[in-house]
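Quick notes on the structure that follows.
For this chain, numbers begin at 1 and follow the sequence in order. FYI, side chains are in, hydrogens and waters are out, and symmetry mates aren't considered; it's all heavy atoms of this structure.
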Amino acid sequence: MFPKRMISNNIRLWKKFILIYLIVTIIPILALEYFLSQSIGSISFRSSLELSKVSVDQLEENLTNKLKVYYDMIDGLSNDLQFTKYLNTNYTSSFEALNDYNLFIRPLMSMLSYKNAESVIRVYTKNSTIGFSRITNNSMDDFVKEGWADLSNPVGGTIRWAGAGNSIKMSDKEYLGSYRFLFNDTTNEYKPESVLAVFFRKDELFSLISKEFEGGKKIFISDAKGDIVLSTENDKNYRSLKDVAMEDEYRKGSDEYSFARYEESDYIVLRKQLDHPSINVNNWSIVYMIPAGAVHSSIQHIRMTSLVLCLLCIVFSLILTVLLSRNITGRISRLLRKISNVKRGNFTISDGAEGTDEISILDNSFNEMTGRIHTLIHEVYEAEIQVTKEKLKNSIIETRAREAEIHTLQSQINPHYLFNTLESIRMKLLIKGDRESSDIIGMFGETFRLALSNHNETYKLSDELRFVESFFLIQKYRYGDRINYEKDVPAELLNVYIPKLILQPLVENAIYHGIERKAAGGTVVVLARIADGKLVLTITDNGAGMDEDELIQVRDAIDKSNQADNPMGDTRIALRNIHTRLRLLYGDPYGLVIHSSKGIGTEVTVSLPMDAS
């Protein structure tokens, strides 16, 4: 809990509303915005990653399907009985060989060429009795010289892939190939007698990844040795993944992806291993590189959008909070000004507040109370003007009857209703955390309770001092540290009875006519002592003070019984009222004595009999 004085003295009510708004609205909104932007950014990143993984899977499927076409061509040809019989037959006449070729081989090749127009089929064989086309008249010597096949382990039956890292050149075009060593079982030897090869344009596979250029992606497909089968970087002439000028992956995002730098740009790298034994694709890999800048740019756009929306919400709610705080504090300030005017003796009634909330009820009730009190005070002083000095003592009974009537009318104002209303407002402010305004309303209610609830004409000096302290704390709300209050009252005098409301108007007068006129502020001091059997109360301030002419006017004003003769008007009516009350109650030896010096301050002395009850 904050210290009470720090809350009540240093922060105005409208600032408290803004502070509460900052605590309960802006901070949670910004925290939520940060959390949501981080979460949405993470979701966006994962979404981009998942889409890329789908693209890699699709690329794998498309590549596998494409390779399977050529794999099936070789597999179908090498298992065709007429085809293998033709390759393994040593013809004694060229006519027979040509006849079999036209009957069996040409239709088969025509059918395969029709289905795969861009493919090239070649047969390399040691059988010199067959030929008649560019398909079957290739010797094993030609096969060895061309150098694109792996001859280190010529195992029969396995379909292999050729051209990774170094494309096969045919008619100035780049090809990839698949081939199978065919064995002649009749010789019972494991030396390759013939090789069946199918070549296909590299462009056909490149079409599978060509669309990835649009997003700035980089793709490398390599075989088990790391030789590049296909890539989007054809112009770089990379033969192996080792040749790719890609810095080491500097941060591992997870087992699924990592980050790398390529050509001075950051990329998110996905790696997928291809294993399809059915087409003899084992330990191949796809390296799929996504520009990190594009992903981060999308995430940054989402974050900026969410931030702008949050700022709009904050501005809108701030405007509503300011309007609400002005509505409340403005009406409370007007009510406080009314109270201040009444304490100065100005009972002019202004228009009541509109609405039916607690502040409006309090404002209208205060107006009603002020109007009635002003009417009664006017009637009392009109009666006093007509009383001559000779009949002054005889008018005490009538004056007290008037005062009793005042008390009766005050009770009709229903102080309990006013106190309950003030307490409702105080509790509502306290629940909202506005302890300063709650304390001010509480002290305001306490002052009215002291003024209206006790129907006795006298009470203890301690009650009057408590009333003065409550009034002073309310004034601190207005003046802050410009005013200070001190008292020096012996404990044995606190239970002495004095007339009600004689110190508070004097303290108020010291503030408004003394300290308020001094830029640096000042201090009001209340002293109590016993002198010559009298109770002497002194109210001193170090405010602006008065020169000799002003002091004479004030002294004359409080001694005159007719207000019309008072040159100071209502500004000193409180002094005259107290002075008149004390003399009516206790006689001429008692009343007020005023001393003042310009620029030094003012001292008002109140003398009372010790038994004032």
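- Residues T158 and N280 form a side-chain contact, since some pair of their non-hydrogen atoms from C-beta on lies under 4.5 Å apart.
- Between D481 and K476 there is a salt bridge, with a side-chain nitrogen of the basic residue lying less than 4.0 Å from a carboxylate oxygen of the acidic one.
- S55 places a side-chain N or O within donor-acceptor distance of the main-chain N or O of L51, the cut-off being under 3.5 Å.
- Here D243 does not pair with R239 in a salt bridge; the nearest charged N to carboxylate O distance is not below 4.0 Å.
- Between E146 and K169 there is no salt bridge, since no side-chain nitrogen of the basic residue lies less than 4.0 Å from a carboxylate oxygen of the acidic one.
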Legend entry - Chi angles and distances behind the side-chain contact (heavy atoms from CB on, under 4.5 Å) call for L241, S285: CA-CA 10 Å; L241 282 178; S285 66; 4.2 Å; yes
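- Distance CG/L230 to CD1/I221: 5.0 Å, rounded to 0.5 Å.
- Using a 4.5 Å cut-off on side-chain heavy atoms (C-beta onward), L59 and I209 make contact.
- Under 3.5 Å, the side chains of D100 and Y91 contain a donor-acceptor pair of N or O atoms.
- Evaluation of the ring-ring contact (aromatic ring centres under 6.0 Å, His included) rule for Y238 yields no partner, not counting sequence neighbours.
- Formation of a donor-acceptor pair under 3.5 Å by the D275 side chain with backbone atoms of N283 is found in this model.
- Screening residues 73-99 for salt bridge (Lys or Arg N to Asp or Glu O under 4.0 Å), with sequence neighbours left out, gives D75-R180.
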Inset, instruction - Verify side-chain hydrogen bond (donor to acceptor under 3.5 Å, both in side chains) between N62 and E60, making sure each step is shown before the conclusion. - result: CA-CA 6 Å; N62 294 340; E60 176 189 9; over 6 Å; no
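- Here the side chains of L49 and I268 are in contact, with some heavy-atom distance below 4.5 Å.
- Minimum interatomic distance between A164 and V229 (heavy atoms only, all atoms of both residues): CB-CG2, 3.6 Å.
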Legend entry - Criterion side-chain contact (heavy atoms from CB on, under 4.5 Å) on L67 and W284, from CA distance to verdict: CA-CA 13 Å; L67 293 177; W284 285 32; 3.9 Å; yes
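- Interatomic distance, L196 CG to S78 OG, rounded to the nearest 0.5 Å: 6.0 Å.
- Heavy-atom neighbours of K236 NZ from other residues, nucleotides or ligands within 6.0 Å: above the threshold of 12.
- Of the inter-residue distances, the one linking I121 atom CD1 with T136 atom OG1 reads 11.5 Å to the nearest 0.5 angstrom.
- Partners of Y288 under the ring-ring contact (aromatic ring centres under 6.0 Å, His included) rule, at least two apart in sequence or in another chain, do not exist in this structure.
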Inset, instruction - Verify salt bridge (charged side-chain N to carboxylate O under 4.0 Å, His left out) between K53 and E50, making sure each step is shown before the conclusion. - result: CA-CA 5 Å; K53 288 170 64 178; E50 291 300 323; 3.7 Å; yes
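- Using a distance-only test at 3.5 Å, with no hydrogens or angles considered, a donor-acceptor pair links the side chain of N102 to the main chain of L98.
- Taking the side chain as every heavy atom from C-beta outward, R106 and L108 never approach each other to under 4.5 Å.
- Inter-residue side-chain proximity for L182 and V195 is flagged as unmet; no heavy-atom pair is nearer than 4.5 Å.
- Atom NZ of K202 is separated from atom CD of E174 by 5.0 Å, given to the nearest 0.5 angstrom.
- Residues meeting the ring-ring contact (aromatic ring centres under 6.0 Å, His included) test with Y70, sequence neighbours left out: F200.
- The shortest non-hydrogen separation linking A519 to R482 is O-NE, 3.5 Å.
- Residues meeting the side-chain contact (heavy atoms from CB on, under 4.5 Å) test with N127, sequence neighbours left out: N90, T125, T129, I130.
- When all heavy atoms of T84 and L77 are compared, the pair lying nearest together is CG2-O, 4.5 Å.
- Counting heavy atoms from C-beta on, the side chains of K173 and M170 never come closer than 4.5 Å.
- Taking OG of S470 as the start and CD of Q475 as the end, the distance is 11.5 Å to the nearest 0.5 Å.
- Here the closest non-hydrogen pair linking S231 and F220 is CB-CD2, 3.4 Å.
- Side chain of S222 to backbone of D227: no donor-acceptor contact under 3.5 angstrom is found.
- Residues F199 and W148 place their aromatic rings such that the two centres sit under 6.0 Å apart.
- Between I168 and G177, the shortest heavy-atom contact is CD1-N, 4.1 Å.
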Inset, instruction - Before giving the answer on side-chain contact (heavy atoms from CB on, under 4.5 Å), spell out for V281 and Y71 the whole-Å C-alpha distance, their side-chain angles and the decisive distance to 0.1 Å. - result: CA-CA 10 Å; V281 172; Y71 185 94; over 6 Å; no
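- Ring orientation note: the planes of Y124 and F143 are tilted relative to one another, at an angle of 30° to 60°.
- Contact of the M73 side chain with the S119 side chain is registered, since non-hydrogen atoms from C-beta on lie closer than 4.5 Å.
- Side-chain atoms of Y179 come within 3.5 Å of backbone N or O of D150 as a donor-acceptor pair.
- The local environment of NZ in K68 is sparse, with at most 12 non-hydrogen atoms from other residues, nucleotides or ligands closer than 6.0 Å.
- Residues forming a salt bridge (Lys or Arg N to Asp or Glu O under 4.0 Å) with D57 (at least two apart in sequence, or on another chain): K272.
- To the nearest 0.5 Å, the span separating CD on Q273 from CG on N282 amounts to 9.0 Å.
- With hydrogens and angles ignored, the 3.5 Å screen pairs a side-chain donor or acceptor of W161 with a backbone N or O of I279.
- Looking at heavy atoms from C-beta onward, I105 lies in side-chain contact with F83 at the 4.5 angstrom threshold.
- No donor-acceptor pair under 3.5 Å is formed between the side chain of R201 and the backbone N or O of E204.
- Taking the six-membered ring wherever Trp is involved, the centroid distance between the rings of Y257 and F259 falls below 6.0 Å.
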